[in-house]
Each structure stands twice: as structure tokens, then as C-alpha cells.
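Before any comments, here is the structure.
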2 protein chains.
Amino acid sequence: MLSAIELATKLRENGCKVTPQRLAIYDMLSKTTEHPTAETIYNKLKPLYPAMSLATVYKSVEVLEKIDAIQVLNTGEDSFRYDANVAQHFHIKCMHCGRVMDVPCQDLKPLVENLEKKTQFTITGQQVYFYGICPDCQKQH
Amino acid sequence: MLSAIELATKLRENGCKVTPQRLAIYDMLSKTTEHPTAETIYNKLKPLYPAMSLATVYKSVEVLEKIDAIQVLNTGEDSFRYDANVAQHFHIKCMHCGRVMDVPCQDLKPLVENLEKKTQFTITGQQVYFYGICPDCQKQH
DNA sequence: ATATCTGCAAATCGTTTGCATGGAA
DNA sequence: TTCCATGCAAACGATTTGCAGATAT
């Protein structure tokens, strides 16, 4: 998670301009754990930035991903989700209520190095998704 | 991987009819390691089944997934990929040429059980994707 | 000053749906 | 005979694009 100043610096370092929209989107993402879609980000920010368009959300998250400030999740739904936590972690999705939660994980370096040897790939990233039923939904049968 | 007879049995057991299209799609998937998209499946089968429509491919893979004959991959592209190998394994994608390859993995049961304890989820499945550059693309710089 | 970004609307494209016909049980 | 499946075309919805005006540097 970056402060607004750190994000601004990172944007400038990458030749991107610092705009209120980009700051607002990153700020919103860094304050939630719900891994929102572009639509959700758009709706959350609409009261604060009534003029902001959905296209700007898409363009902004693309930039934020490119400078490694956020990551994009594809949990198999019809839309992507965005996550300001770029530290190594897994995600677990409840197939009943649809929530996507973070799961801390141990260092994957040994596994990745082992796979690099086995596959001869240079590995630059990974995504790990688990699927199941969350405790809340289990209680409701 | 199932034989045509085993697949037919599994379809009937699940109240689904056995059609040439479903058999052909499963057969094609079980003979490739390239994890094709619906479009690719459609184009591969077009010479054999000129009347087959893309919509039928989509409807068929949905059925095949529902009866657990195949799995659906979301590697973060614009379209889904399909895999007749439903045994536990990882996928690794080359960000340069786009190929998606299988990676065998050790039994995940200990990890999954550990996560179930930690998250209180009932875990029913998982998807693990690695991203990087494949040996062939590394050679071409 | 000028290159980049925003907001709008239209375009794109993977996927889904409705419906009449055809085929499996 | 009775559903269910197919094929076609139209619909859908998430994302992208083009462009004119606005803004960051």
C-alpha cells in the first residue's frame, strides 16, 4: 500500500501524470478488502466525483497495474477485480455469496524456483485462487 | 481422460443426452495440451462438423464442466480456455507467445486442509497460474 | 506549450439467449 | 412421443476506442 505521495512519485517515475481520478481510485482500492470490479469502483466514487466516467476507471486501473501499484484478479467471473495489495497472497472465493477474501501465504520462492528448474520458464508472477463456501454461508445451510 | 463410452455414460448418469457434438468436443479437448478457447475448438471442428455452431460449443463445454469432465481456465485473457485434464495440476502461461502449459504438482491436500482450518471455508477447488517467459521465447531474446 | 488525460458515446468482442427445428431416449 | 439439444441470429454486457476539450507538467 502506498501513500498518496508515494503513488504520485511512482506515477511520475513512470511518465504518467498524477490526476485526482487516479489518486481517488487507488485510495479507494487501498482502503477496501472486497476486491471491487470497475463498476463497483465507479459507483463508490460517483458521489465524490460525479463527473468521473467508467472509461476513466478502466483506463486508470490499467495504468495502476502497469506501474505495479495494483493487481488484477480473474476469479472466473464475468468481470475483473482489482486489488491494491500487491504483496504475495492467495485469494479464496465463496461460490455462494461471491465474496473474495485474501489468504496470507508462506513465501513461494522455493516453489517458484523449483518450477523454474522443472519448466525452464522464467517466472514473473502467479495467481492462486481457492473456491469453496465461506463460514457465513455454511451457517445458513 | 475418459473414453467416448465413459463420457457417454457420465452424460447419461447426469441426465444429459449423448450427442455427436459433445463427444467431438470432448474428444478434441482430450487430445490436445493447448487449452483451446471456444473459438479454437469451433475452428478445429468446423471441417469435421461444418454445421456446428459456436453457440453449441459454448453450451457443450458448459455441460461438460457441470459433469466434471473438463475444467475451465481463466488465465487473465479475454476468453476462457478449456482443459479435459481435471486431475490436480497447475498452469503456466508464457506472456510472450501466449501458450499455456500444464505443470504437474504435488498433492495439495495438506495445504488445502491447512487453509480450511485457517479460513473456516469448505474448499472445493483451486486454480493455480504461473506467468513468465517460456524457454523458446527466451532463446529469441 | 504540449503531451497526456478525461469524459462521452460508439464500437468491439466474447459469451448468452430465444426460438424453431432436429434428434436422442 | 417427449424432452432435450442444435443452429441461427439477435441480444447482452464487460471492456475498449476515438475524439474533442481539459489538465498536469
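Chain letters run A, B, ... following the sequence lines, proteins first, then strands; residues in each count from 1.
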Is there a donor on the side chain of K59(A) or the base of dC5(C) sitting less than 3.5 Å from an acceptor on the other? no
Indicate whether OP1 or OP2 belonging to dG7(D) is found under 4.0 Å from a side-chain N or O atom of T56(B). yes
Whether Q21(B) contacts dG7(D) is assessed here as follows: a side-chain N or O lying under 4.0 Å from the phosphate OP1 or OP2. Is that the case? yes
Quick one: does Q21(A)'s side chain have a donor or acceptor within less than 3.5 Å of a partner on V57(A)'s backbone? no
With a 4.0 Å cutoff (strictly under), does any side-chain N or O of T19(A) reach OP1 or OP2 of dT23(D)? no
Ranking dA25(C), dG7(C), dC5(C) by distance to the side chain of S53(A), first place goes to dG7(C)
d(CG, L11(B); P, dG23(C)) in whole Å: 19 Å
What nucleotide, of dT23(D), dG23(C), dT15(C), holds the atom closest to the side chain of K17(B)? dG23(C)
Does the side chain of S79(A) pick up a donor-acceptor pair with the side chain of E77(A) at under 3.5 Å? no
Regarding T37(B) and E39(B), is there a side-chain donor-to-acceptor distance under 3.5 Å anywhere? no
Have a look at A51(A) and say if it touches a base, only the backbone sugar-phosphate, or nothing, with a 4.0 Å heavy-atom cut-off. sugar-phosphate
Please give, in whole Å, the distance from dC13(C) C1' to D78(A) CG? 15 Å
Both E39(B) and Y49(A) contact DNA chain C. Taking the nearest nucleotide for each, which residue is further toward the 5' end? Y49(A)
Could you walk me through whether K109(B) and E113(B) satisfy the salt bridge (Lys or Arg N to Asp or Glu O under 4.0 Å) test, starting with their C-alpha distance in whole Å, then the side-chain angles of each, then the deciding distance to 0.1 Å, before giving a yes or no? CA-CA 6 Å; K109(B) 205 181 280 179; E113(B) 282 172 0; 5.6 Å; no
Using whole Å, what does the distance between atom C1' of nucleotide dG23(C) and atom CG of L23(B) come to? 14 Å
Short side-chain N/O contact from R22(B) to OP1 or OP2 of dT6(D), under 4.0 Å: yes
Of the options dC5(C), dT15(D), dT17(C), whose atoms approach the side-chain atoms of A55(B) most closely? dT17(C)
Students often get this wrong, so: under 4.0 angstrom with heavy atoms, is S79(A) touching a base, only sugar-phosphate, or nothing? sugar-phosphate
Interatomic distance, N14(B) CG vs dC4(D) C1' [rounded to whole Å]: 15 Å
How do A38(A) and C16(B) order along DNA chain D: which one's closest nucleotide is nearer the 5' end? C16(B)
Please report the distance, rounded to the nearest Å, between CD in E62(A) and P in dT16(D). 6 Å
For Y42(B) and dT6(D), give me the distance from atom OH to atom P, rounded to whole Å. 14 Å
Within this structure, what is the CD-to-P distance between E77(B) and dT12(C), rounded to whole angstrom? 22 Å
Could you tell me if D136(B) and H96(B) have a donor-acceptor pair between their side chains, going purely by distance under 3.5 Å? no
Would Q138(A) and Q120(B) count as having a side-chain donor-acceptor pair, cut-off 3.5 Å? no
Protein-nucleotide distance (I25(B), atom CD1; dG7(D), atom C1'), rounded to Å: 13 Å
Under 4.0 angstrom, heavy atoms only, what part of the nucleic acid is V18(B) near: base, sugar-phosphate, or nothing? sugar-phosphate
Determine: side-chain N/O of Y58(B) to OP1/OP2 of dT16(C), distance under 4.0 Å, yes or no. no
